[in-house]
Amino acid sequence: MSRGFRTLAALVLLAATACTIGPSLENQGEVTAPPGDSKELTIGSAGFTESDLLAQMYTLLLERAGYSADIISVTNREIYEPALESGQIDVVPEYAATFADWLNAKANGADAAPVGSPDLAATMKALRALAAPRGLTVLDPGRAVDQNAFAVSASYAKEHGLKTLSDLGRAKLPVRLAAGDECVQRPYCAPGLEKTYGIDIVAVDPKGVGTTQAKQAVQNGQDQMVLTTTTDATLDQFGLVLLADDKKLQNADYVVPVVNRARAGSAGVRDALGRLNTVLTTADLASMNEQVDSWRRLPEDVARSYLEARKLIPKG
């Protein structure tokens, strides 16, 4: 069965109603109703390759468990998160620390102290505490994590004996960093690299996060390091290698399914999606991203092939 994304008309309806339907989010009391188990579920994708892949895998796993599921793509979290609360969307793949900080800012203001951290247990505790009053349940994280990461050219790493960010700090080398312009102020970026690792960031070259232009700047020696992500599968094409974040500067952005408790909070949904936790790794996600972005395979085909190969769904 071919599984496409929901039509544009549905997206327009979602955008128009997400902020008006459902309970008052800021005035919800303690959630006491039993978790729901709707057999017809809508899976949300945030519209980028990795989110599309995760949504496709969630859909296939839920169908294997006896649910009917389809996918809607909504690129704006300001739209899809309220829709998740209201039940227009039932399941969304999210990232633990990022979503925790987003919900925290929504509840406590943009200046609220961050609750996401490199500590996965503490991050999950904070995330679940913020999600529950909104009628959301955060399922268990697996092994896959999509964090900010830093890469250098393989030749540069070999020349200076670099395997970790600590190695780069000890080398006392001047480093031009290709990244987004916000890197100058973000604690996980230039300030954190200087404070945590002692890396001498002499300039931030505003070429974006993991863009082709940014990676080419490191490849040709214009810059020495690039900000990318742990699931970037294109580094080999540019002759780049990641330096390990050995002091855990980056937050615990593990992949977590978030569900609407009233519609998809059942053990059936939890168990179906939990099967992915035993197999999916960061390297797996990077490989699947590459198949879609570089090999031009469809996310549905890549997701199905992966689950079949891991014996999570039958072939055919």
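For the pair Leu240/Val152, no side-chain contact is recorded, criterion being any heavy-atom separation below 4.5 Å from C-beta on. Taking 4.5 Å as the limit, every side-chain heavy atom of Pro141 sits out of range of all side-chain heavy atoms of Val255. You'll find the side chain of Leu227 reaches within 4.5 Å of the side chain of Tyr188, heavy atoms only. Between Asp146 and Thr282 there is no side-chain heavy-atom pair separated by less than 4.5 Å. Taking 4.5 Å as the limit, every side-chain heavy atom of Tyr197 sits out of range of all side-chain heavy atoms of Leu168. Looking at heavy atoms from C-beta onward, Ile43 lies out of side-chain contact with Ile72 at the 4.5 angstrom threshold. Contact check for Val259 versus Leu136: no side-chain heavy atoms found under the 4.5 Å cut-off. Using a 4.5 Å heavy-atom cutoff, the side chains of Leu307 and Leu276 are in contact.
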- Message: Before you tell me yes or no, could you show the steps for Gln224 and Arg176 under side chain to side chain donor-acceptor pair (under 3.5 Å), namely the whole-Å CA-CA distance, both residues' side-chain angles and the distance that decides it to 0.1 Å?
- Response: CA-CA 5 Å; Gln224 287 72 50; Arg176 280 177 53 90; 5.4 Å; no
- Should Glu94 and Tyr80 be marked as a side chain to side chain donor-acceptor pair (under 3.5 Å) after you check the CA-CA gap, both sets of side-chain angles, and the distance that decides it? CA-CA 11 Å; Glu94 265 291 358; Tyr80 76 67; 2.5 Å; yes
- I would like to know whether Arg134 and Glu85 meet salt bridge (charged side-chain N to carboxylate O under 4.0 Å, His left out); could you show each step before the answer? CA-CA 6 Å; Arg134 296 179 175 273; Glu85 293 185 23; 3.3 Å; yes
- Determine, stepwise, if the pair Tyr156 / Leu173 fulfils side-chain contact (heavy atoms from CB on, under 4.5 Å). CA-CA 11 Å; Tyr156 183 83; Leu173 298 165; 3.2 Å; yes
- Task: List the steps, then state whether side chain to side chain donor-acceptor pair (under 3.5 Å) holds for Lys215 with Thr234.
- Result: CA-CA 9 Å; Lys215 284 178 272 197; Thr234 67; 2.5 Å; yes
- Task: Quick one: do Met57 and Met288 satisfy side-chain contact (heavy atoms from CB on, under 4.5 Å)? Show the steps, please.
- Result: CA-CA 11 Å; Met57 287 190 284; Met288 285 189 280; 3.7 Å; yes
- Message: Is there a side chain to side chain donor-acceptor pair (under 3.5 Å) between Glu50 and Asn289? Walk through the geometry before answering.
- Response: CA-CA 6 Å; Glu50 188 168 293; Asn289 286 337; 3.0 Å; yes
- Carefully, step by step, assess Glu300 and Ile71 under the rule side-chain contact (heavy atoms from CB on, under 4.5 Å). CA-CA 11 Å; Glu300 177 185 351; Ile71 297 171; over 6 Å; no
- Item | side-chain contact (heavy atoms from CB on, under 4.5 Å) between Phe150 and Gln250, intermediate numbers included | CA-CA 10 Å; Phe150 296 91; Gln250 303 305 319; 3.5 Å; yes
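Taking every heavy atom of both residues into account, Ala217 and Asp205 meet most closely at CB-OD2, 4.5 Å. Between Ser266 and Asp37, the shortest heavy-atom distance links the atoms OG-OD1, 2.6 Å. For the pair Ala157 and Val241, the tightest heavy-atom approach, listed with the atom from each and the gap, is CB-CG2, 4.0 Å. Taking both residues in full, the closest heavy atoms of Val256 and Ala96 are given as CG2-N, 4.0 Å, listed atom of the first, atom of the second, then distance. Nearest heavy-atom pair across Pro257 and Leu273 is CB-CD1, 3.9 Å. A pairwise comparison of heavy atoms in Gly210 and Asp232 identifies O-OD2, 4.4 Å as the closest pair.
Between the Asp253 side chain and the Ala97 main chain, a donor and an acceptor come within less than 3.5 Å of each other. Without hydrogens or angle criteria, Thr211 side chain to Lys207 main chain gives a donor-acceptor distance under 3.5 Å. Thr230 places a side-chain N or O within 3.5 Å of a backbone atom of Gln147 that can act as its donor or acceptor partner. Under a 3.5 Å cut-off, the side chain of Arg128 and the backbone N or O of Val138 do form a donor-acceptor pair. Under the 3.5 Å distance criterion, the side-chain polar atoms of Asp223 are left unmatched by any main-chain donor or acceptor of Met225. Distance alone, capped at 3.5 Å, is enough to place a donor-acceptor pair between the Asp167 side chain and the Lys163 backbone. Checking side-chain atoms of Asp245 against main-chain N and O of Leu249 turns up a donor-acceptor pair under 3.5 Å. When atom types are taken as modelled, the side chain of Asn104 and the backbone of Ala100 share no donor-acceptor pair closer than 3.5 angstrom. The backbone N or O of Pro299 lies less than 3.5 Å from no partner atom in the side chain of Arg304, so there is not a single donor-acceptor pair. Between the side chain of Ser86 and the main chain of Ala83, a donor-acceptor pair closer than 3.5 Å is present.
Going from atom CZ of Phe99 over to atom CG of Leu127 covers 7.0 Å, rounded to the nearest 0.5 Å. Taking NZ of Lys247 as the start and OG1 of Thr196 as the end, the distance is 7.5 Å to the nearest 0.5 Å. Separating the SG atom in Cys189 from the CD1 atom in Ile201 is a distance of 7.5 Å, to the nearest 0.5 Å. For the atom pair CG (Asp70) and CD (Glu63), the distance works out to 9.0 Å, reported to the nearest 0.5 Å. Put simply, CG on Leu130 and CG on Leu103 are 6.0 Å apart, with the number rounded to the nearest 0.5 Å. Here the straight-line distance linking atom CG of Asp181 with atom CZ of Arg186 works out to 9.0 Å at 0.5 Å rounding.
Under a hydrophobic-cluster definition in which Ile, Leu, Val, Met, Phe, Trp and Tyr are linked whenever side-chain heavy atoms come within less than 4.5 Å, directly or via other members, Leu139 and Leu312 are assigned to the same cluster. No path of Ile, Leu, Val, Met, Phe, Trp and Tyr side chains, each step under 4.5 Å between heavy atoms, connects Leu162 with Phe238, placing them in separate hydrophobic clusters. A single hydrophobic cluster is not seen to contain both Val226 and Leu165; linkage of ILVMFWY side chains at heavy-atom distances under 4.5 Å, directly or through other members, places them apart. Under the 4.5 Å side-chain heavy-atom criterion for grouping Ile, Leu, Val, Met, Phe, Trp and Tyr, Leu280 is connected to Tyr58 within one hydrophobic cluster. With hydrophobic clusters built from ILVMFWY side chains whose heavy atoms lie under 4.5 angstrom apart, Val175 shares a cluster with Val209.
Shown here is Lys39, whose NZ atom has more than 12 heavy atoms of other residues, nucleotides or ligands within 6.0 Å. Other residues, nucleotides and ligands contribute at most 12 non-hydrogen atoms within 6.0 Å of the OH atom of Tyr254.
Judged by distance alone, the side chains of Asp90 and Tyr67 never bring a donor and an acceptor atom under 3.5 Å apart. Side-chain contact check for Thr281 and Asp284: at least one donor-acceptor pair (N or O, by modelled atom type) lies under 3.5 Å. With 3.5 Å as the limit, one finds a donor-acceptor pair spanning the side chains of Arg297 and Ser305. Judged by distance alone, the side chains of Asn251 and Ser117 never bring a donor and an acceptor atom under 3.5 Å apart.
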